[in-house]
Novice: 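Quick one: this structure, given as structure tokens, is what I'll be asking you about.
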Amino acid sequence: MEHAADGKRNGDLYRDYVDDRNAKSQDTLYCTSNGVPYPHPYEVQRVGENGPLLLQDFHLIDLISHFDRERIPERVVHAKGSGAHGYFKCTDNLGDLCFAEVFKQGKTCPITIRFSTVGGESGSHDCARDPRGFAVKFRTEEGNWDLVFNNTPVFFLRDPAKFPHFIHTQKRDPATHLGSGDDSTMFWDYLSQNPESIHQVMILMGDRGIPDGYRFMHGYGGHTMKLVNKEGEWVYAQFHMKSKQGIKFLTEQEAATKSPDHSQKDLYYAIENGDYPGWDFCVQTMTPKEAEELWEKQKINVFDLTHIWPQKQFPLRKFGEFYLNENAKNYFAEIEQITFNPAHMIPGIEPSADPVLQSRLFSYPDTHRHRVGANYQQLPVNAPRVPYRMANFQRDGQMAFYNQGPRPGYLSSIEPISFRHRSVDLNKVHNNFIGDAITFLSEIRPEDFNAPRTLWERVFDDGARERFIGNVSGHMSTCRDKEIIKRQIAIFREVSEDLASRLEKATGVKGYDGISGLRFNGTHNGMAKDSSLRAANGMTQKVGFSATDNNGAPVKGTHK
């Protein structure tokens with residue numbers, strides 16, 4: 001093989017991503033996609049001065065055909081977002097809980113974070129009243145670790161099969177093609193039939209519903225994970241990101257005055273001006289025995305995405321911090337194409353039986369393979385940065401850039417691949433799950449209203465309560481069905497009579513006395529006075545009824 005003038009072999013003369021990312025326009029030469037220099041990008045070939053164009057004009061065909069394919073499908077959820085790069089540093093050793101290398105004091109790794117709204121399309125307003133996504137990619141020495149957060153500690157649901165249905169209600173109406181700002185019927189119809197959403201609704205319609213930019217919000221993992229130490233001992237864990245900037249919010253009136261790209265602009269120029277935003281990285285932990293007792297004594301389910309772990313009982317432990325100090329050079333390449341997957345876990349971190357987490361372990365990478373392509377992890381922004389040469393037996397597919405050369409595509413005895421010793425005894429970490437296959441749907445129970453009630457009575461001040469009533473009643477004003485409002489006020493009444501009475505006055509609609517006389521189509525009603533109302537619509541008590549006394553919680557004896 002011949003050598004080039006700089007000493008490299010011809011096979012080494014490939015385009016380097018980092019070099020291309022940092023090159024200035026003045027350092028480049030205009031070419032077609034196959035690398036041929038071209039004199040001017042605006043020229044076309046035609047027959048004479050006024051004749052038709054020529055099909056042989058590859059430059060024009062190359063230009064137009066690529067232009068026609070410039071868009072990849074936008075995310076179904078979290079479509080509107082912003083992001084940046086930075087670093088994580090472990091400030092306090094976490095080795096007693098987890099043997100992951102990145103949790104040793106002083107360890108650092110590069111990160112990329114993407115923030116987003118949840119329900120809107122890619123061109124929607126940054127200041128919509130909507131939860132915010134908060135996803136972090138840690139590029140550790142043991143592979144990429146992805147954490148997906150929201151800026152709220154709970155979510156609207158705990159039954160994973162509800163997720164697509166719920167998201168549909170946050171989109172445009174299929175008939176009118178109007179969003180919830182102009183027609184909130186779908187939004188409240190879903191919530192009024194699935195009362196376990198109440199805690200998230202309280203947060204969403206409260207002051208935290210519109211953060212004043214992505215720098216001024218916390219991040220909550222919400223899902224329960226497991227941390228394993230070098231002795232093989234494990235605990236349940238939930239991760240928290242606490243903003244060093246504090247939290248700020250916008251009122252409905254203030255949000256209306258902001259740019260549609262307010263959060264993007266705020267984040268970009270803060271970093272550009274050297275005001276690097278940071279977050280403390282904290283964890284809550286709980287032993288298996290404590291998880292069982294938490295259900296037995298307080299009816300808090302550690303596998304329930306609508307429940308929180310009380311911080312007085314399970315205090316936050318800070319072990320690290322991270323900062324964002326570099327903006328993307330190219331938004332599409334570094335933020336639109338970045339992918340996050342909660343199934344991307346490094347040794348020492350394991351999933352729990354949290355059902356919504358279990359569903360997301362499949363859903364996220366499945367989405368990425370559709371949206372970005374089967375080889376999405378070969379893109380530079382997604383590729384691991386590890387100190388060893390990676391290999392597996394995944395081959396081919398669209399855009400297979402690193403296709404593992406001539407190495408056998410199977411486990412060969414002639415050219416054997418290396419393996420690392422197992423670091424986690426899965427038999428101990430994941431217990432023994434033995435039981436009959438069941439169809440499971442959770443039910444609404446009195447404990448589901450405890451945390452929302454505390455929020456209304458003890459966390460909100462008078463001003464926050466007044467703003468909450470205004471936010472809810474204003475949003476309900478475009479709901480076309482009064483029955484939906486009556487049901488939703490009944491759900492609010494289980495939180496507080498004061499709250500329900502205020503909403504009745506603000507909306508002019510008299511709600512039901514409570515939920516004991518209602519049947520819900522989305523969840524079983526464990527508070528129904530009449531047993532015939534307990535089962536969700538379409539089910540009967542004798543056949544297909546799936547409510548359990550523990551609502552999916554780890555009861556006493558679950559863990560060895």
Side-chain angles (χ1 to χ4, degrees), residues 74-75 77-84 113-134 150-152 170-173 176-188 200-219 243-279 324 327-328 331 335 455 459-479 502-503 506-507:
E74 71 173 38
R75 293 167 172 87
V77 195
H78 300 281
K80 177 67 182 293
S82 307
I113 298 181
R114 183 177 185 270
F115 307 100
S116 58
T117 54
V118 172
E121 50 251 20
S122 64
S124 57
H125 206 294
D126 274 359
C127 298
R129 184 169 294 280
D130 196 23
R132 301 299 189 272
F134 190 134
N150 278 342
N151 71 321
T152 58
Q170 310 304 292
K171 301 296 186 179
R172 294 178 177 271
D173 186 279
T176 66
H177 201 56
L178 296 175
S180 63
D182 293 296
D183 185 351
S184 63
T185 307
M186 288 197 308
F187 180 90
W188 290 108
Q200 176 75 314
V201 171
M202 295 289 294
I203 297 172
L204 177 64
M205 290 296 165
D207 289 340
R208 283 185 284 173
I210 309 179
D212 188 4
Y214 296 129
R215 293 185 297 145
F216 301 102
M217 67 183 196
H218 300 321
S243 171
K244 290 179 176 291
Q245 297 74 236
I247 59 172
K248 294 182 180 179
F249 68 89
L250 297 172
T251 65
E252 202 77 36
Q253 294 72 28
E254 291 169 334
T257 69
K258 300 296 183 181
S259 158
D261 298 317
H262 170 71
S263 299
Q264 163 73 13
K265 184 167 60 175
D266 175 77
L267 179 67
Y268 183 89
Y269 284 109
I271 296 172
E272 199 73 4
N273 295 331
D275 184 11
Y276 303 137
W279 286 261
L324 295 176
N327 280 313
Y331 182 90
I335 305 301
L455 196 61
V459 178
F460 288 0
D461 59 21
D462 289 339
R465 294 188 193 99
E466 187 175 339
R467 289 188 292 272
F468 179 89
I469 297 300
N471 294 336
V472 173
S473 59
H475 198 274
M476 283 180 166
S477 65
T478 59
C479 179
R502 291 197 197 192
L503 273 177
T507 61

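Because only heavy atoms are used, hydrogens play no part in the values below, and waters and symmetry mates are left out as well, while side chains stay in. Keep in mind that this is a model prediction, so the values were computed, not measured.
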Novice: Would you give the length of the straight line joining atom CG of L455 to atom CZ of R465, rounded to the nearest 0.5 angstrom?
Specialist: 10.0 Å
Novice: May I ask you to test the P211-I247 pair for a side-chain heavy-atom distance under 4.5 Å?
Specialist: no
Novice: What I'd like to find out is whether the side chain of M476 reaches to under 4.5 Å of the side chain of F187, using heavy atoms alone.
Specialist: no
Novice: Which heavy atom of F468 sits nearest to which heavy atom of M202, and what is that distance?
Specialist: CE1-O, 3.4 Å
Novice: For K171 and G120, work out which heavy atoms get closest and say how close.
Specialist: NZ-O, 4.1 Å
Novice: Between S243 and R215, what is the shortest heavy-atom contact and its length?
Specialist: OG-O, 2.9 Å
Novice: Compare every heavy atom of G179 with every heavy atom of R172, then report the nearest pair and how far apart it is.
Specialist: NH1-N, 4.1 Å
Novice: Using the salt bridge (charged side-chain N to carboxylate O under 4.0 Å, His left out) criterion, which residues pair with E254? Sequence neighbours excluded.
Specialist: none
Novice: CD/E466 to CZ/R502 distance, rounded to the nearest 0.5 angstrom?
Specialist: 7.5 Å
Novice: Between E272 and N327, is there a side-chain donor-acceptor contact under 3.5 Å, judged purely by atom types and distance?
Specialist: yes
Novice: Do the side chains of F134 and N150 get nearer than 4.5 Å, heavy atoms only?
Specialist: no
Novice: What is the minimum heavy-atom distance between R208 and I203, and which atoms define it?
Specialist: NH2-CG1, 3.9 Å
Novice: When you measure from the side chain of D183 to the backbone N and O of T185, does any donor-acceptor pair fall under 3.5 Å?
Specialist: yes
Novice: Go through L324 and I113 one step at a time and tell me if the side-chain contact (heavy atoms from CB on, under 4.5 Å) criterion holds.
Specialist: CA-CA 8 Å; L324 295 176; I113 298 181; 3.8 Å; yes
Novice: If we ignore angles and hydrogens, is there a donor and acceptor under 3.5 Å between the side chains of D212 and H262?
Specialist: yes
Novice: What I want to check is whether the side chains of S184 and T478 have a donor and an acceptor closer together than 3.5 Å.
Specialist: yes
Novice: Check the pair D173 / M186 against side-chain contact (heavy atoms from CB on, under 4.5 Å), numbers first and verdict last.
Specialist: CA-CA 7 Å; D173 186 279; M186 288 197 308; 4.0 Å; yes
Novice: Carefully, step by step, assess R132 and H218 under the rule side-chain contact (heavy atoms from CB on, under 4.5 Å).
Specialist: CA-CA 10 Å; R132 301 299 189 272; H218 300 321; over 6 Å; no
Novice: Could you check whether any side-chain heavy atom of I271 comes within less than 4.5 Å of a side-chain heavy atom of Y269, counting everything from C-beta outward?
Specialist: no
Novice: Between the main-chain N or O of M205 and the side-chain N or O of N471, is there a donor-acceptor pair closer than 3.5 Å?
Specialist: yes
Novice: Quick check, are the ring centers of W279 and Y214 under 6.0 angstrom apart?
Specialist: no
Novice: Here's a test for you: under side chain to side chain contact (heavy atoms under 4.5 Å, CB included), which of L250, N151, D266 qualifies with F216?
Specialist: D266
Novice: I'd like to check K244 versus P277 (side-chain heavy atoms, cut-off strictly below 4.5 Å). Are they in contact?
Specialist: no
Novice: Once the angle between the rings of H475 and W188 is folded into 0 to 90°, is it parallel (under 30°), tilted (30 to 60°) or perpendicular (over 60°)?
Specialist: perpendicular
Novice: For the pair D130 (side chain) and G119 (backbone), establish whether a donor and an acceptor sit closer than 3.5 Å, ignoring hydrogens and angles.
Specialist: yes
Novice: Any side-chain donor-acceptor pair under 3.5 Å between T152 and Q200?
Specialist: yes
Novice: Between S116 (side chain) and V118 (backbone), is there a donor-acceptor pair under 3.5 Å?
Specialist: no
Novice: Closest approach of C127 and I210, non-hydrogen atoms and distance?
Specialist: O-CG2, 3.5 Å
Novice: Is the shortest heavy-atom distance from the side chain of S82 to the side chain of I335 under 4.5 Å?
Specialist: no
Novice: To the nearest 0.5 angstrom, please state how far the NE2 atom of H125 sits from the OG atom of S263.
Specialist: 9.0 Å
Novice: Side chain to side chain donor-acceptor pair (under 3.5 Å) with D126: which of Q264, K80, K258?
Specialist: K80
